[in-house]
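Before any comments, here is the structure.
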Amino acid sequence: MSPAPATRPRIDAAQRRARLARRHLLAPEHRAATAEETADAVVALHASDPATVHLAACARLRAPDRTEVERALYDDRSLVRMLCMRRTLFALGTELAPVIASAAARPIAARERRGLVKWVRDGLDWDDARRNPWR
């Protein structure tokens with residue numbers, strides 16, 4: 001076994017940008033074939049606005065096409081939209097969704113529910129002890 005080099009190789013800004021472009025599928029020769037591959041490459045695609053999912057995916061696809069993104073979101077449902085960190089909506093693969101749900105979405109859902117219950121209680125004079133009048 002050879003000894004470790006005395007110094008680490010130096011990576012300049014251009015090399016770092018090139019590595020990021022490859023890893024994030026932005027370099028033309030490294031683009032993906034499917035919308036699912038694009039989301040997996042960057043963990044999740046920003047999805048707060050309907051256009052942002054399409055733009056982020058198409059920037060990473062070999063053949064940019066909105067129907068490819070719509071297929072993954074609506075037909076195959078292999079990409080799902082989910083509230084993640086800082087209450088931001090993201091589109092991510094179904095395999096990663098349970099991990100993100102337990103790490104980020106559950107705490108957000110609990111906080112949102114508390115806010116909704118407070119709003120209903122204060123705004124509609126709701127009493128938890130009373131029977132639900134809307135049943």
Side-chain angles (χ1 to χ4, degrees):
M1 196 156 128
S2 63
T7 62
R8 286 193 221 163
R10 180 134 173 89
I11 299 171
D12 63 20
Q15 291 171 314
R16 191 170 34 257
R17 280 193 288 279
R19 287 175 183 220
L20 281 171
R22 285 192 302 271
R23 186 180 312 137
H24 289 223
L25 306 180
L26 295 169
E29 62 276 4
H30 292 280
R31 300 237 168 111
T34 67
E36 294 86 352
E37 289 176 45
T38 65
D40 290 344
V42 293
V43 178
L45 302 170
H46 188 265
S48 293
D49 184 288
T52 58
V53 176
H54 291 78
L55 292 171
C58 286
R60 293 165 171 83
L61 287 170
R62 277 185 223 125
D65 185 7
R66 70 174 172 79
T67 59
E68 167 60 20
V69 181
E70 290 172 357
R71 175 205 52 81
L73 285 169
Y74 308 120
D75 297 337
D76 296 349
R77 296 184 182 186
S78 52
L79 286 182
V80 294
R81 285 190 171 112
M82 182 178 288
L83 276 177
C84 296
M85 52 186 201
R86 297 184 311 270
R87 294 179 54 194
T88 302
L89 198 61
F90 287 92
L92 56 136
T94 54
E95 288 185 15
L96 192 57
V99 175
I100 299 297
S102 63
R106 281 187 185 161
I108 291 169
R111 191 169 49 246
E112 289 295 310
R113 184 180 190 287
R114 283 191 303 272
L116 177 63
V117 167
K118 182 181 180 329
W119 179 79
V120 168
R121 188 181 304 124
D122 297 348
L124 300 176
D125 194 30
W126 178 265
D127 182 2
D128 290 336
R130 285 189 303 194
R131 187 172 171 266
N132 184 347
W134 293 302
R135 279 193 177 166

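Counting from 1, the numbers follow the sequence of the chain as shown.
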Could you go through residues 20-27 and list every donor-acceptor pair under 3.5 Å that involves a side-chain atom there, pairing it with any protein atom two or more places apart or in another chain?
none

Considering only distance and modelled atom types, tabulate donor-acceptor pairs under 3.5 Å from the side chains of residues 72-80, sequence neighbours left out.
| residue | atom | partner | partner atom | Å |
| --- | --- | --- | --- | --- |
| Tyr74 | OH | Arg81 | NH1 | 3.3 |
| Asp76 | OD2 | Arg71 | NH1 | 2.4 |
| Ser78 | OG | Glu36 | OE2 | 2.2 |

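- More than 12 heavy-atom neighbours from other residues, nucleotides or ligands sit within 6.0 angstrom of CD on Glu29.
- The list of side chain to side chain donor-acceptor pair (under 3.5 Å) pairs with a residue in residues 107-118, not counting sequence neighbours, reads Arg87-Glu112, Lys118-Asp122.
- Remark: Arg16 engages Ile11, Ala13 in a side chain to side chain contact (heavy atoms under 4.5 Å, CB included) (not counting sequence neighbours).
- Thr67 meets the side-chain hydrogen bond (donor to acceptor under 3.5 Å, both in side chains) test with Asp65; sequence neighbours excluded.
- Residues Ala39 and Leu92 approach most closely at CB-CA, 4.5 Å, considering heavy atoms.
- Remark: of the listed residues Arg31, Glu68, Glu37, Glu68 is the sole one forming a side chain to side chain contact (heavy atoms under 4.5 Å, CB included) with Leu61.
- Arg60 CZ to Asp40 CG: the interatomic distance, rounded to the nearest 0.5 Å, is 12.0 Å.
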Result block: side-chain N/O donor-acceptor pairs under 3.5 angstrom for residues 42-53, not counting sequence neighbours:
| residue | atom | partner | partner atom | Å |
| --- | --- | --- | --- | --- |
| Ser48 | OG | Leu89 | N | 3.4 |
| Asp49 | OD1 | Ala51 | N | 2.9 |
| Thr52 | OG1 | His46 | O | 3.0 |
| Thr52 | OG1 | Asp49 | O | 2.7 |

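- Contact detail for Val69 and Cys58: the closest heavy-atom pair is CG2-SG, 4.4 Å.
- Closest of all the heavy-atom pairs between Thr38 and Ala35 is OG1-O, 2.5 Å.
- By the side-chain hydrogen bond (donor to acceptor under 3.5 Å, both in side chains) test, Gln15 is found to be paired with no residue, residues two or more places apart in sequence or in another chain being considered.
- Residue Ile100 holds its CD1 atom at 13.0 Å from CD of Glu95, rounded to the nearest 0.5 Å.
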